[in-house]
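What follows is a short report on a single structure.
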Amino acid sequence: MNKNTDLAPVALYARVSSDRQDVDLSVAAQLRALRDYAGKNGYLVVREYVDEAESGRIADRPQFRKMLDEASKPEAPFHEILVWKFSRFTRKREHAVAFKSMLRRKGVRVVSITEHADDTPTGKLMEAIIESVDEFYSENLMPEAQSTPNRPLVSPA
């Protein structure tokens with residue numbers, strides 16, 4: 001039997017934003033960590049998707065969309081998507097809920113290699129907290145001038 005047929009097919013997704021490249025782990029470092037994790041944990045990497053200079057607050061990222069499209073096919077080429085951190089997948093909680101739900105219905109899971117969140121009730125709570133903190137962090141990075149136009153910068157007294 002071929003050794004590779006025993007391995008679970010997985011996709012890797014790496015992303016850095018244009019305004020956070022100095023803080024986020026580089027794409028090369030993310031991919032290195034993801035490949036290492038896959039090799040040590042019984043995965044066969046069948047796809048790699050990379051979005052550079054793309055904000056995690058935006059869902060319309062070229063490689064992200066391509067990954068979701070391929071995962072939605074009746075015969076998806078992978079059953080899990082590995083990310084370095086959940087914030088690489090998205091920095092908006094509503095996107096996380098929507099896209100991960102859609103993927104789960106297709107039999108595809110998103111797994112962070114650095115943030116443990118399994119399918120137990122506690123794991124699901126931890127994932128939701130991590131995603132909420134990621135969104136909070138991202139929103140607080142925006143300069144006040146870029147705040148949502150319909151939301152006042154100072155709350156009325």
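Since we're looking at a predicted model, the values are computed, not measured.
- Residues passing the side-chain contact (heavy atoms from CB on, under 4.5 Å) test with Leu125, sequence neighbours excluded: Ile129.
- Pro74 has its side chain out of reach of Lys106: every pair of non-hydrogen atoms, C-beta onward, lies at least 4.5 Å apart.
- For Lys100, the salt bridge (Lys or Arg N to Asp or Glu O under 4.0 Å) partners two or more places apart in sequence, or in a different chain, are Glu127, Glu131.
- Residues Val83 and Leu34 come closest through the heavy atom pair C-CD2, 3.5 Å.
- Met102 and Phe78 end up in the same hydrophobic cluster when Ile, Leu, Val, Met, Phe, Trp and Tyr side chains are linked at under 4.5 Å.
- Across every non-hydrogen atom of Glu80 and Val10, the tightest pair is O-CG2, 3.2 Å.
- For residues 100-126, the set of pairs meeting the ring-ring contact (aromatic ring centres under 6.0 Å, His included) definition, not counting sequence neighbours, is empty.
- When atom types are taken as modelled, the side chain of Thr114 and the backbone of Trp84 share a donor-acceptor pair closer than 3.5 angstrom.
- Partners of Glu48 according to the side chain to side chain donor-acceptor pair (under 3.5 Å) rule, which considers only residues two or more places apart in sequence or in another chain, are Arg35.
- Remark: the backbone N or O of Arg88 is not paired with any side-chain donor or acceptor of Arg91 at under 3.5 angstrom.
- When side chains are defined from C-beta on, Leu7 does not count as touching Tyr43, because their heavy atoms never get closer than 4.5 Å.
- Applying the salt bridge (Lys or Arg N to Asp or Glu O under 4.0 Å) rule to Glu115 yields no partners; only residues at least two apart in sequence or on another chain are considered.
- In this view, Asp134 satisfies the side chain to side chain donor-acceptor pair (under 3.5 Å) rule with no residue, not counting sequence neighbours.
- Qualifying salt bridge (Lys or Arg N to Asp or Glu O under 4.0 Å) partners for Glu135, counting only residues two or more places apart in sequence or in other chains: none.
- By the side-chain contact (heavy atoms from CB on, under 4.5 Å) test, Ser132 pairs with Arg93, sequence neighbours left out.
- For Ala59, the side-chain contact (heavy atoms from CB on, under 4.5 Å) partners are Arg65, His95, Phe99, not counting sequence neighbours.
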Report all side-chain donor-acceptor pairs from residues 66-73 shorter than 3.5 Å, counting only partners two or more places apart or in another chain.
unit_1, atom_1, unit_2, atom_2, d
Glu70, OE1, Arg47, NE, 2.8
Glu70, OE1, Tyr49, OH, 2.6
Ser72, OG, Leu68, O, 2.9

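- In terms of heavy-atom proximity, Val46 sits nearest to Pro77 at CG2-O, 3.3 Å.
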Subject >> Worked check of side chain to side chain contact (heavy atoms under 4.5 Å, CB included) between Leu103 and Phe89 >> reply: CA-CA 12 Å; Leu103 289 167; Phe89 187 75; 3.9 Å; yes
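- Interatomic distance, Tyr13 OH to Ile81 CD1, rounded to the nearest 0.5 Å: 10.0 Å.
- Of all heavy-atom pairs between Gly123 and Ala117, the closest is O-CB, 3.4 Å.
- For Asp118, the salt bridge (Lys or Arg N to Asp or Glu O under 4.0 Å) criterion is met by no residue, not counting sequence neighbours.
- Considering OG of Ser55 and CG of Asp60, their distance stands at 12.0 Å, rounded to 0.5 Å.
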**OP:** Output, in order, the C-alpha distance, side-chain angles, deciding distance and verdict of side chain to side chain contact (heavy atoms under 4.5 Å, CB included) for Val50 and Leu31.
**Re:** CA-CA 9 Å; Val50 174; Leu31 288 174; 3.9 Å; yes
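- In this structure a side-chain-to-backbone donor-acceptor pair under 3.5 Å is missing from Asp51 to Arg15.
- No continuous path of ILVMFWY side-chain contacts below 4.5 Å connects Ile113 to Met126, so the two sit in separate hydrophobic clusters.
- Scanning for side-chain contact (heavy atoms from CB on, under 4.5 Å) contacts around Asp36 gives Lys40, with sequence neighbours left out.
- Across all non-hydrogen atoms, the minimal contact from Lys124 to Asp119 is CE-O, 3.3 Å.
- Between the side chain of Thr90 and the backbone N or O of Gly56 there is at least one donor-acceptor pair closer than 3.5 Å.
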